[in-house]
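Residue indices begin at 1 and follow the sequence shown.
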Amino acid sequence: MKFKVLSNREAAILAAVGRGIIPPGGPHFAIGAGDLEGKWLPRADYAIFRMPFFTRLAIRITLRVIDYLLPIYIMKRIISITRLDNARLENLMDRAEKSGIFGAAAMVIVKVLIFPAFYGLPEAQAAIGYNARFPVPPYFESLKE
């Protein structure tokens with residue numbers, strides 16, 4: 001898949017983090033970020049594309065840092081997060097959120113990219129039973145499909 005800003009490696013890192021933060025299953029939410037990856041990743045890339053240059057650069061660097069340093073910092077292992085299975089990825093993301101400043105800051109940055117792109121999809125909204133009380137006007141430019 002071709003992205004505007006992200007390299008394929010950075011998109012894979014963002015997708016892995018998305019799978020760890022929004023896992024499938026549970027009584028209220030049957031789909032996860034991995035199920036709709038082909039739809040929300042381009043939306044997140046478009047959001048990054050609309051940001052200023054230095055913000056885009058910082059996000060891309062943060063994704064690389066998350067890939068290499070987060071497993072060392074949390075798990076004490078040298079491994080890419082793209083190679084972790086879903087259970088270990090969910091555990092890593094939970095532990096990163098509860099860790100010190102580094103993990104929490106990285107997760108905030110990533111959640112700002114993942115949550116609007118994922119939960120803005122009609123499939124995700126239908127899965128959680130979301131009904132918009134105030135729909136977005138058609139002329140509003142938001143994340144592109």
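- The backbone N or O of F3 sits nowhere less than 3.5 Å from a side-chain atom of D45 that would complete a donor-acceptor pair.
- The hydrophobic cluster containing V112 does not contain V17, counting ILVMFWY residues as joined when their side-chain heavy atoms lie under 4.5 angstrom apart, directly or transitively.
- For the atom pair CD of E10 and CD1 of I59, the computed distance is 10.5 Å after rounding to the nearest 0.5 Å.
- To the nearest 0.5 Å, the span separating CD1 on I66 from CD1 on I81 amounts to 6.5 Å.
- Residues meeting the side-chain contact (heavy atoms from CB on, under 4.5 Å) test with K98, sequence neighbours left out: none.
- Every pair tested for ring pair (Phe, Tyr, Trp, His ring centres under 6.0 Å) that includes a residue from residues 51-71 fails, sequence neighbours excluded, so the list is empty.
- A chain of hydrophobic side-chain contacts below 4.5 Å, direct or via other Ile, Leu, Val, Met, Phe, Trp or Tyr residues, connects F49 to I114.
- Put simply, CG on N86 and CG on N91 are 12.5 Å apart, with the number rounded to the nearest 0.5 Å.
- Remark: Y73 engages S99, F102 in a side-chain contact (heavy atoms from CB on, under 4.5 Å) (not counting sequence neighbours).
- Within the structure, the side chain to side chain donor-acceptor pair (under 3.5 Å) test picks out the following pairs touching residues 75-84 (sequence neighbours left out): R9-S80, R9-T82, D67-S80, S80-T82.
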Q.
With side chain to side chain contact (heavy atoms under 4.5 Å, CB included) as the criterion, how do L57 and I61 come out once you've worked through the C-alpha distance, each side chain's angles and the decisive distance to 0.1 Å?
A. CA-CA 6 Å; L57 182 63; I61 290 170; 4.0 Å; yes
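- We find the CG-CG distance between L14 and L113 to be 6.0 Å, quoted to the nearest 0.5 Å.
- Using a 4.5 Å heavy-atom cutoff, the side chains of L121 and R43 are in contact.
- Follow the hydrophobic side-chain contacts under 4.5 Å out from L63 and you reach I79 in the same cluster.
- Atom CG in L84 sits 6.5 Å away from atom CG in L92 (nearest 0.5 Å).
- For the residue pair A33 and G18, the shortest heavy atom distance occurs at CB-O, 3.2 Å.
- From I22, atom CD1 reaches atom CD of E90 across 11.5 Å, with rounding to the nearest 0.5 Å.
- Under the rule for a side-chain contact (heavy atoms from CB on, under 4.5 Å), the partners of E37 that lie at least two apart in sequence or sit in another chain are A15, R19, W40, L41.
- Among all heavy-atom pairs drawn from R95 and I74, the shortest one is NH2-O, 2.9 Å.
- Residues forming a salt bridge (Lys or Arg N to Asp or Glu O under 4.0 Å) with R56 (at least two apart in sequence, or on another chain): none.
- Without hydrogens or angle criteria, T62 side chain to A58 main chain gives a donor-acceptor distance under 3.5 Å.
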Q.
Evaluate I72 against I78 for side chain to side chain contact (heavy atoms under 4.5 Å, CB included), listing each step before the verdict.
A. CA-CA 6 Å; I72 293 171; I78 299 173; 4.0 Å; yes
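- Classified by interplanar angle (parallel below 30°, tilted 30° to 60°, perpendicular above 60°), the ring pair F115/Y119 is perpendicular.
- Side-chain atoms of S7 and R64, non-hydrogen and from C-beta on, do get closer than 4.5 Å to each other.
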